[in-house]
Number of protein chains: 2
Amino acid sequence: MSRRAYGQYCGFARALEMVGERWALLIVRDLLIGPRRFTDLRRGLPRIPTNVLAGRLKELEEAGIVQRRVLARPDGSVVYELTDYGSELEDVVLRLGRWGARSLGEPRAGEIITPDAIRLALRATFDPARARGVRASYELRLGPVIVNARVDDGRLVVGGGPLPEARLVIETGPAIRALMAGELSPAEATASGAVLLTGDPHGLDQFVELFRIGR
Amino acid sequence: MSRRAYGQYCGFARALEMVGERWALLIVRDLLIGPRRFTDLRRGLPRIPTNVLAGRLKELEEAGIVQRRVLARPDGSVVYELTDYGSELEDVVLRLGRWGARSLGEPRAGEIITPDAIRLALRATFDPARARGVRASYELRLGPVIVNARVDDGRLVVGGGPLPEARLVIETGPAIRALMAGELSPAEATASGAVLLTGDPHGLDQFVELFRIGR
DNA sequence: CTGGATCCCTCACGATACTG
DNA sequence: CAGTATCGTGAGGGATCCAG
């Protein structure tokens, strides 16, 4: 019996054997945003050793969770993307992310924020029910990381980079967590300078309605 | 920065830091069934080293997922149980279990089946919508493991051990997976002797309607 | 008997250098 | 860009031991 095997005939144990190894689900997290090249994944997971990344990708591929695809010429580069089976982890990842966000607290020394993590967090915290009949668009800037979100009647599309036509630009830092957790009111956040808004000054109230942690 | 930290300010990464270590979620799986003593957990996870079990329990306790409780005299023994926060992992565990069950295949050499794993699997595969208006009770025997399930109008209660008043006793082995996955029909299963029924011979059809893997 | 602690050994992971 | 090669370290595997 292999070292990593748990020795139980159990669907849950089998799941952990497939995606329970260190870094595996973080790779899946980034691939949930879209296909990524090896180097993209490295950028999104700066602390992963490259041999571990290579190993995980191979294992995930063997398990039918990830597929390797060589792009058409002339670039001919390689991308990794989730299979249908792998994509079915989305709900688990979003739920675990919501659950873990409640223990986030303040950032620890050296912790970084990546675009893919933010994009996933927006999807995880989005409340479709509260977005009924709502149209909104945001550009979110967390230090050097810029992502955008468009909300249209219960649907959410999250993208990377700026969104020139966004109705509201939210420029902030880790205070975003307290804001989304309801520990910090939009009014306090803007008054203290923890959040800088460009656009509709009341747009932030709607934002925290649509995207919330653990309430 | 600690070795296990992923270095990302991300709810999902934080979740993995709390429950992503080897064995951690399997401990949670068993505790989802109910409070367990150290020795109960060992029995349910026969391959876990005791130092790892002790370490995980301590970490889970520090993370606010598990609490240690000393029972009243005279036994004065210790039980571990999930906190409310830990219990909120139930949905994630059930979903991951359903997802992994689709890759179960046939049992590998040496793989065991534990009562807690079966009880969780029944909860994971139960379809409340199909159980509307249904009353049923089962005793399920998988080798030496005996569990029971009572279904009452969309609700499910799973217990350990025999259920004398069960309407149907299902005695089988790993064929249960193919049965619940729809790869083996109840008729075939009984005809081949892969499943032995005591009670209503058509009860198995209802069972596979109520508990199903990946369809 | 329960609830661990201690030991040793091995291998997976971490860090980094290097290559087609 | 997309990995492979190398090497050190520490967590996990496994057995044993011990206190209450």
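Letters go in sequence order (proteins before strands), and every chain restarts at 1.
Around the CG atom of A/D84, the shell of radius 6.0 Å holds no more than 12 heavy atoms that belong to other residues, nucleotides or ligands. Around the CZ atom of A/R42, the shell of radius 6.0 Å holds no more than 12 heavy atoms that belong to other residues, nucleotides or ligands.
A/L197 has its side chain out of reach of A/V169: every pair of non-hydrogen atoms, C-beta onward, lies at least 4.5 Å apart. Residues A/L41 and A/L31 are in side-chain contact: their nearest non-hydrogen atoms beyond the backbone lie under 4.5 Å apart. Two residues are said to be in side-chain contact when any heavy atoms from C-beta on lie closer than 4.5 Å; A/E62 and A/K58 meet this criterion.
Using cut-offs of 30° and 60° for the angle between ring planes, the B/W99 and A/Y85 rings count as parallel.
Residues forming a salt bridge (Lys or Arg N to Asp or Glu O under 4.0 Å) with A/E61 (at least two apart in sequence, or on another chain): none. For the side chain to side chain contact (heavy atoms under 4.5 Å, CB included) test, residues two or more places apart in sequence or in another chain that qualify with B/S2 are B/R4, B/A5.
Atoms CD1 (B/I48) and C1' (D/dG12) sit 10 Å apart, rounded to a whole Å. D/dA2 atom P lies 10 Å from atom CG of A/L41, rounded to whole Å. Rounding to whole angstrom units, CZ of residue A/R36 and P of D/dC1 are separated by 14 Å. Distance CD (B/E21) to C1' (D/dG12): 11 Å, rounded to an integer number of Å. Note: CZ (A/R56) to C1' (D/dT4) measures 16 Å, nearest angstrom.
If you find the closest nucleotide of DNA chain D to A/Y6 and to A/S77, the one lying nearer the 5' end belongs to A/S77. Where B/K58 and B/R43 each meet DNA chain C at their nearest nucleotide, the meeting point lying more 5' is that of B/R43.
Using a 4.0 Å heavy-atom cutoff across all strands shown, B/R37 reaches sugar-phosphate atoms only and no base atom.
Axis angle across the helix from C/dC1-D/dG20 to C/dG20-D/dC1, with five pairs used at each end and values rounded to 10°: 30°.
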Using nucleotides 14-20 of chain D, report all nitrogen or oxygen pairs with the protein that are shorter than 3.5 Å.
{"residue": "D/dG14", "atom": "O6", "partner": "B/N51", "partner atom": "ND2", "Å": "3.2"}

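Residue pairs satisfying the side chain to side chain donor-acceptor pair (under 3.5 Å) criterion with at least one member in residues 142-159 of chain B, sequence neighbours excluded, are listed as follows: B/R135-B/D152.
No option in B/F207, B/F211, B/Y138 other than B/F211 meets the ring pair (Phe, Tyr, Trp, His ring centres under 6.0 Å) test with B/F126.
Interface limits on DNA chain C: the 5'-most and 3'-most nucleotides within less than 4.0 Å of chain B heavy atoms are C/dT2 to C/dG14.
Within the cation-pi definition used here (under 6.0 Å to the ring centroid, within 45° of the axis), B/R68 does not qualify as a partner of B/F38.
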